[in-house]
Amino acid sequence: MKQLVHKLYARGELSKEELVDLLEHMDVETRKELFRLARLRREQAYGDKVYMRGLIEFSSYCRRNCLYCGLRAGNREAERYRLSPEEILECCREGYELGFRTFVLQSGEDPWYTADLLAALIREIKAEFPDAAITLSIGEREAETYRWLYEAGADRFLMRHETASRRLYQALHPSMSFDHRRQCLETLQSIGYQVGAGFMVGLPGQTAEDLAEDLNYLQTLNPDMIGIGPFIPHDQTPLGNAKAGSLEDTLVMVALARLFLPEALIPATTALGTLHPEGRELALKVGANVVMPNLSPVAVRKKYALYNNKICTGDESAQCRHCLELRIEAAGFSVDMGRGDSLKALASRRHA
Ligand code: SAH
Ligand code: SF4
């Protein structure tokens with residue numbers, strides 16, 4: 001199995017059969033070697049830098065019904081909130097003061113925030129902080145809206161493909177379309193956004209073949225960013241009693257993603273930090289190079305409950321920033337507070 005890892009390191013790809021074989025027969029020694037080589041690749045691409053993004057969770061309303069998610073429309077017990085544009089700007093001000101130069105605006109799919117409202121907000125943020133990047137993570141919208149928001153100044157867009165298995169996607173997303181989500185990602189890329197895709201590990205019913213398909217899909221899409229986190233059940237969802245994804249499996253997928261797409265930005269996700277106290281540090285050591293501390297007002301944080309026991313819901317933004325900086329440095333990396341564009345985006349700018 002170690003040979004397959006060396007082949008992947010040398011070539012940056014494996015066939016689907018080889019990948020499934022590797023995932024199904026991952027012994028301790030092979031995993032160690034995979035982690036070592038993934039860390040090496042990340043160092044070659046990005047050195048020891050870890051980029052920080054300020055995450056603003058601005059609405060917990062969602063019109064979708066993803067089976068795994070605590071914000072799903074069908075969860076009548078969920079506490080809902082919306083931040084006003086002024087409140088969102090205030091979070092950006094606090095974040096900017098703390099040194100952040102990327103703001104990630106994330107929400108459920110909430111049409112209350114119209115294209116016009118979002119475009120006006122983006123213009124205001126850009127006018128006040130011209131050197132900061134704006135990342136949107138607001139789910140599926142019309143191509144025209146995506147274009148309008150890009151023209152208003154949004155730089156990046158995060159939308160995980162969630163799973164590259166059509167069967168699993170359809171089982172988990174009533175009344176959503178597998179093809180439409182992929183189309184959205186392609187549209188976003190063609191408009192010019194730096195795009196982040198990604199998936200969950202350990203979804204009920206997910207096989208090694210499904211995970212291999214996730215990596216194949218990512219290699220074809222070639223996104224700037226890749227979000228990989230464990231599935232964690234949420235009590236008030238139909239999957240409330242399902243088993244969470246494992247730390248080991250998630251780390252393996254992070255490491256493989258680094259070897260398949262050496263130039264990608266890969267966050268050490270909050271879900272990994274929730275699964276294990278050192279989950280994020282471990283992810284940084286096997287190829288991840290981004291962290292996303294929370295800038296949402298403390299009063300609303302617990303209400304943005306995607307899954308059970310989400311961490312960092314009680315701390316002030318300054319505490320989160322400080323805590324993560326200490327953790328990153330203790331793990332042997334250095335914090336970069338810059339915009340942190342992907343190598344792919346920087347290269348295409350040079351060629352423009
Ligand atoms: N509504 C937007 C953005 C917010 S959800 C969207 O869906 O794109 C952000 C991410 O949280 C989702 O992409 C999903 O991968 C993750 N998520 C939701 N529920 C989760 C759960 N129970 N465990 C782990 N991750 C979850
Ligand atoms: Fe809504 Fe996103 Fe949760 Fe799906 S994952 S229910 S779209 S917030």
Side-chain angles (χ1 to χ4, degrees), residues 53 55-82 104-113 118 135-141 146 156-165 168-178 180-182 184-185 188 193 195-204 206 214 218 223 225-247 249-250 253 267-276 279 283 292 294 296 303-311:
R53 325 292 204 194
L55 176 65
I56 304 168
E57 299 157 332
F58 67 90
S59 167
S60 68
Y61 283 85
C62 188
R63 67 192 181 103
R64 300 291 192 184
N65 254 316
C66 310
L67 254 56
Y68 41 82
C69 177
L71 301 188
R72 65 199 303 274
N75 180 7
R76 305 266 169 243
E77 292 165 82
E79 290 185 64
R80 310 287 177 174
Y81 69 91
R82 288 189 176 106
V104 181
L105 272 45
Q106 191 180 79
S107 67
E109 278 196 28
D110 184 0
W112 186 87
Y113 298 84
L118 288 171
T135 305
L136 299 175
S137 181
I138 58 174
E140 297 176 34
R141 297 254 180 164
Y146 286 153
R156 309 181 185 138
F157 203 106
L158 304 181
M159 184 159 66
R160 292 186 177 175
H161 64 278
E162 310 295 5
T163 169
S165 150
L168 196 54
Y169 189 93
Q170 283 172 350
L172 294 170
H173 302 93
S175 73
M176 284 176 86
S177 151
F178 177 75
H180 187 256
R181 197 155 182 97
R182 290 178 165 216
C184 284
L185 284 165
L188 289 161
Y193 283 95
V195 165
F199 58 97
M200 280 173 281
V201 179
L203 286 163
Q206 192 175 41
D214 280 314
L218 287 171
M225 297 160 282
I226 302 172
I228 301 173
F231 156 72
I232 301 178
H234 183 291
D235 284 339
Q236 297 155 359
T237 64
L239 300 180
N241 292 322
K243 224 173 96 214
S246 78
L247 174 73
D249 289 351
T250 310
M253 295 315 291
T269 54
T270 307
L272 253 181
T274 300
L275 202 63
H276 186 279
M292 294 169 53
N294 204 319
S296 311
K303 300 180 189 168
Y304 198 82
L306 303 167
Y307 44 80
N308 291 339
N309 306 320
K310 187 161 155 250
I311 53 168

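Bear in mind that the values here come from a model prediction, so they are computed numbers and not experimental data. Order of listing sets the numbers, starting from 1, for every ligand and every atom in it.
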Colleague: Could you check whether any side-chain heavy atom of I228 comes within less than 4.5 Å of a side-chain heavy atom of D214, counting everything from C-beta outward?
Modeller: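 In short, these two side chains do not touch, never coming nearer than 4.5 Å.
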Colleague: Starting from atom 23 (N) of ligand 1, which protein heavy atom do you reach first, and at what distance in Å?
Modeller: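 For atom 23 (N) of ligand 1, the nearest protein heavy atom comes out as I232 N, 3.0 Å.
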Colleague: Looking only at side chains, do H173 and E162 share a donor and an acceptor under 3.5 Å apart?
Modeller: no
Colleague: Do side-chain atoms of S60 reach the backbone of Y81 as a donor and acceptor pair under 3.5 angstrom?
Modeller: yes
Colleague: What do you reckon, does Y68 have a nitrogen or oxygen under 3.5 Å from a nitrogen or oxygen of ligand 1?
Modeller: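 Yes; at least one N/O pair falls below 3.5 Å.
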Colleague: Strictly under 4.0 Å, does any heavy atom of A271 approach an atom of ligand 1?
Modeller: no
Colleague: Measure the distance from atom 1 (Fe) of ligand 2 to every protein heavy atom, then report the residue, atom name and distance (to 0.1 Å) of the closest one.
Modeller: C62 SG, 2.2 Å
Colleague: Only heavy atoms count here, so choose which of R72, E162, R181, E57 is nearest to atom 12 (C) of ligand 1.
Modeller: E162
Colleague: Find all atoms of ligand 2 within a distance of less than 4.0 Å from any non-hydrogen atom belonging to C66, and give their numbers and elements.
Modeller: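 Contacts of ligand 2 toward C66, numbered from 1: 4 (Fe), 5 (S), 6 (S), 7 (S).
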Colleague: Under 4.5 Å between any side-chain heavy atoms of L71 and R80, yes or no?
Modeller: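 Yes - at least one pair of side-chain heavy atoms lies under 4.5 Å apart.
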Colleague: Looking at atom 18 (C) of ligand 1, tell me if a protein heavy atom falls under 4.0 Å from it.
Modeller: yes
Colleague: What atoms of ligand 1 come closer than 4.0 angstrom to any heavy atom of S137?
Modeller: 3 (C)
Colleague: Which atoms from ligand 1 have a heavy atom of Y304 less than 4.0 Å away?
Modeller: 4 (C)
Colleague: Could you give the distance from CG (L306) to CE (M200), rounded to the nearest 0.5 Å?
Modeller: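 The CG atom of L306 sits 9.5 Å away from the CE atom of M200.
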Colleague: Quick one: look up the protein heavy atom nearest atom 2 (C) of ligand 1 and list residue, atom name and how far away it is.
Modeller: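 Of the protein heavy atoms, S107 O, 3.4 Å lies nearest.
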Colleague: Using side chain to side chain donor-acceptor pair (under 3.5 Å) as the criterion, point out the one residue from Q106, E57, K310 that pairs with Y304.
Modeller: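 Exactly one candidate clears the test, Q106.
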Colleague: Answer yes or no for Q106: is there a heavy-atom contact with ligand 1 below 4.0 Å?
Modeller: yes
Colleague: Between R72 (side chain) and C66 (backbone), is there a donor-acceptor pair under 3.5 Å?
Modeller: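 Yes; judged by distance alone, with no hydrogens or angles, the pair exists.
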Colleague: Answer yes or no: is there a donor N or O on one side and an acceptor on the other, between the side chain of N65 and the main chain of P174, under 3.5 Å?
Modeller: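 Here the side-chain-to-backbone pair does not exist.
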Colleague: Which heavy atom of the protein is the closest neighbour of atom 16 (C) of ligand 1, given with residue, atom name and distance?
Modeller: R160 NH1, 3.9 Å
Colleague: To the closest 0.5 Å, what do you measure between CE (M292) and CD1 (I56)?
Modeller: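 So the CE of M292 and the CD1 of I56 are separated by 10.5 Å.
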Colleague: Any idea which protein heavy atom is nearest atom 8 (S) of ligand 2, and the distance to it?
Modeller: G108 CA, 3.7 Å
Colleague: Looking at atom 3 (Fe) of ligand 2, would you say a protein heavy atom lies below 4.0 Å from it?
Modeller: yes
Colleague: List every atom of ligand 1 that sits less than 4.0 Å from any heavy atom of P230, numbering the atoms from 1 in the order shown and giving each element.
Modeller: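 Within the 4.0 Å cut-off of P230, ligand 1 contributes 23 (N), 24 (C).
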Colleague: Of all heavy-atom pairs between V195 and P223, which one has the smallest distance, and what is that distance?
Modeller: O-CB, 3.4 Å
Colleague: Among protein heavy atoms, which sits nearest to atom 11 (O) of ligand 1, and what does the distance come to when rounded to 0.1 Å?
Modeller: L306 CD1, 3.6 Å
Colleague: Which residue holds the protein heavy atom closest to atom 25 (N) of ligand 1, what is that atom called, and what is the gap in Å?
Modeller: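 The protein heavy atom lying closest is M200 SD, 3.5 Å.
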Colleague: Just so I know, are the side chains of Y68 and H234 near enough to count as touching, which here means a heavy-atom distance under 4.5 Å?
Modeller: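 The answer is no; the side chains never approach within 4.5 Å.
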Colleague: Short check: any N/O/S atom of C69 below 2.8 Å from atom 3 (Fe) of ligand 2?
Modeller: yes
